[in-house]
2 protein chains.
Amino acid sequence: MRSRRLEYSESTRSALVESAVTLFTKHGYAGTSLDEIAKRARVTKGALYHHFSGKQALFEAAFDAVERRVHAELTEVTEGDGAPWDRAVEGLRTFLTICLEPEYQRIVIHEAPVVMGAERWREAESHYSYGVIRSILNDLVESGHLGAIPLEVTANLLFGALSAAASMIAGSADPKDVSARTEEVIVQVLRSVRASAAAGTPDTDAGPARGKRSAAHIADKIRTKVAGDPSGAGER
Amino acid sequence: MRSRRLEYSESTRSALVESAVTLFTKHGYAGTSLDEIAKRARVTKGALYHHFSGKQALFEAAFDAVERRVHAELTEVTEGDGAPWDRAVEGLRTFLTICLEPEYQRIVIHEAPVVMGAERWREAESHYSYGVIRSILNDLVESGHLGAIPLEVTANLLFGALSAAASMIAGSADPKDVSARTEEVIVQVLRSVRASAAAGTPDTDAGPARGKRSAAHIADKIRTKVAGDPSGAGER
DNA sequence: GTGTGCGGCATACTGACAGTACGGCGCGGC
DNA sequence: GCCGCGCCGTACTGTCAGTATGCCGCACAC
């Protein structure tokens, strides 16, 4: 039988995480004191340090909480059974929407790389939004919508572009407009790439550009190990 | 005549900035104390506070120092008199190289948005690297290499993609390889877009594409109202 | 060349905050 | 009903950003 003690404990823990999400979103990591977080959760630092090893660990818990929500929302859209292209566009749209949420913006996109370190952040992201984007791209490649592209590199570029877009959109005077135009541009680019791949003309054009080592050797490297660690998302 | 006093003063100031650049790069903003910075510059905090209003102001001075160096390096390449397309590709390559420098990576790309606030950072960037990218794109459009694109939005997407790429490259096991592949992908995409524009076929093709559902409804969902604290990101 | 003002900097202090030590209290098992 | 341990509160410590204040010597006046 579920113990009362355990229930209390989990309740305070989640209260702390929720409080942390709220305050980190509003004032940032450096601008938020542990006393504030504890106070908002109606406990003291003693409780906080009982559940988390320190400020950074608490931040990561908050990060995970936000990411899990977002991930659920994303996969719901992208793992449907529609055509890959449609799911991709819909996923794109959903991700842009998510990026407008202050929690995701500030905690995941802006603060996390600094607080957790770029290394850990990248690692964590590969299990969440970044991973979704990569798998969407993979679907597009496998279904023939995109030609041979280095998966990891392309996914990374796309993810970076989308994050920057989110930041710009949220900071703009007319978010709806900027958001719509952003989506247009990305879809347009994807279509161009698709068309280019379909035309079977991997370029070779008459540019005065550099050496001919272009499209050929790219294909060699398409399959950069999608692997990732098979263990279920390493919780701290 | 140039006063001796003034010379000393400027020397102290630049020593502080240089020290700040070094230490912020190595240990980050939060991980560096003002005493360390002062000590490395062989002065005390008194001198530091004489020249700068606080830690944040010192960071911004360090930021500016790095940006100015980079900007000079970039414009030297992109403001030549070659063909727009060549200058673009060369600029792209140069920027990717710059992104490998730890100073630029950590101070400009990673820490600055958090320390200065995304708002200020964006504003500052528009005078530096981001501005260069935008003007390169503008040249490409005017010279007919790219079709009609929303300049700001596209430049922002490209800048975000490049920043993310830089981060990935620096963190990878084989930076040169990843860097090369990144360049390939971007150039490839640009070529596709160029081809698509040249073909005068803004798509509409017979893909499994979806209906013309309005892109604008995205922003309806911006639930929380951006929540920005306009002050320089709650730092302390 | 002597006085004087002020810019440039050092020293000493204050408040805030992350992290630690330790103790009490109540739930759950016996 | 009693004991132990897990949960949490209280009180303290060290560190660091920022402030208050004063000294020292260069430059300029005369």
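Being a predicted model, the structure only gives us computed values, none of them experimental. Convention: sequence-line order gives letters A, B, ...; per-chain numbering from 1. Hydrogens, waters and symmetry mates are skipped; everything else that's a heavy atom, side chains included, is used.
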Quiz item: Is B/Lys39 salt-bridged to B/Glu36, going by a charged N under 4.0 Å from an acidic O?
Solution: no
Exercise. Taking atom types as modelled, find out whether B/His110 and B/Ser167 have a side-chain donor-acceptor pair closer than 3.5 angstrom.
Key: yes
Self-check item: For atom CD of B/Glu7 and atom C1' of C/dG8, their distance in whole Å
Solution: 15 Å
Practice problem: For the pair A/Phe95 and A/Phe159, name the ring-plane relationship: parallel under 30°, tilted 30 to 60°, perpendicular over 60°. | Solution: tilted
Practice problem: Before accepting this row, confirm whether a basic side-chain N of the pair B/Arg69/B/Glu103 lies closer than 4.0 Å to the acidic partner's carboxylate O. | Solution: yes
Exercise. Would you indicate which nucleotide in D/dG18, C/dG28, D/dC7 comes nearest to any side-chain atom of B/Lys45?
Key: D/dG18
Quiz item: Within this structure, what is the NZ-to-C1' distance between A/Lys39 and C/dA16, rounded to whole angstrom?
Solution: 15 Å
Quiz prompt | Side-chain donor/acceptor of B/Glu183 to backbone N/O of B/Arg93, under 3.5 Å | solution = no
Practice problem: Tell me what B/Ser9 touches on the nucleic acid: a base, only sugar-phosphate, or nothing, going by heavy atoms under 4.0 Å. | Solution: sugar-phosphate
Self-check item: Spacing of B/Tyr29 atom OH relative to D/dC16 atom C1', expressed in whole Å
Solution: 12 Å
Quiz item: Is the phosphate of C/dC9, meaning OP1 or OP2, less than 4.0 Å from a side-chain N or O of B/His50?
Solution: no
Self-check item: Options D/dG18, C/dA10, C/dC27, nucleotide nearest the side-chain atoms of B/Lys55
Solution: D/dG18
Practice problem: Output yes when a side-chain donor or acceptor of A/Arg87 lies under 3.5 Å from a complementary backbone atom of A/Gly82, and no otherwise. | Solution: yes
Self-check item: Nucleotide D/dG18, atom P - distance to CG of B/Leu48 in whole Å
Solution: 10 Å
Practice problem: Nearest-nucleotide wise, let me know which of A/Gly46 and A/Asp35 is further upstream toward the 5' end of DNA chain C. | Solution: A/Asp35
Quiz item: Which nucleotide in the set C/dA18, D/dG9, C/dC9 lies at the smallest distance from any side-chain heavy atom of B/His51?
Solution: C/dC9
Quiz prompt | Those residues of residues 14-22 of chain A lying under 4.0 Å from DNA chain D by at least one heavy atom | solution = none
Quiz item: For B/Glu36 and B/Tyr8, take the nucleotide of DNA chain D holding the closest heavy atom to each; which residue's nucleotide lies nearer the 5' end?
Solution: B/Glu36
Quiz item: Just checking B/Ser53: base, sugar-phosphate only, or nothing, at a heavy-atom cut-off of under 4.0 Å?
Solution: nothing
Quiz prompt | Candidates D/dG18, D/dT10, C/dA18 - which lies nearest the side chain of A/Tyr49 | solution = C/dA18
Exercise. Among the candidates D/dA17, C/dA18, D/dC7, find the nucleotide nearest to the side-chain atoms of A/Leu34.
Key: C/dA18
Quiz item: Roughly, in whole Å, what's the span from CZ in A/Phe52 to P in C/dT20?
Solution: 16 Å
Self-check item: Check: B/Tyr130/B/Asn156 side-chain N/O donor and acceptor closer than 3.5 Å
Solution: no
Practice problem: Give a yes-or-no answer on whether the side chains of A/His51 and A/Thr12 include a donor-acceptor pair shorter than 3.5 Å. | Solution: yes
Quiz item: Between D/dC8 atom C1' and A/Arg13 atom CZ, what is the distance in whole Å?
Solution: 16 Å
Quiz prompt | Shortest side-chain distance from A/Val43, nucleotide among C/dT11, D/dC7, D/dG9 | solution = D/dG9
Self-check item: Contact under 4.0 Å: A/Thr12 side-chain N or O vs D/dC8 OP1/OP2
Solution: yes
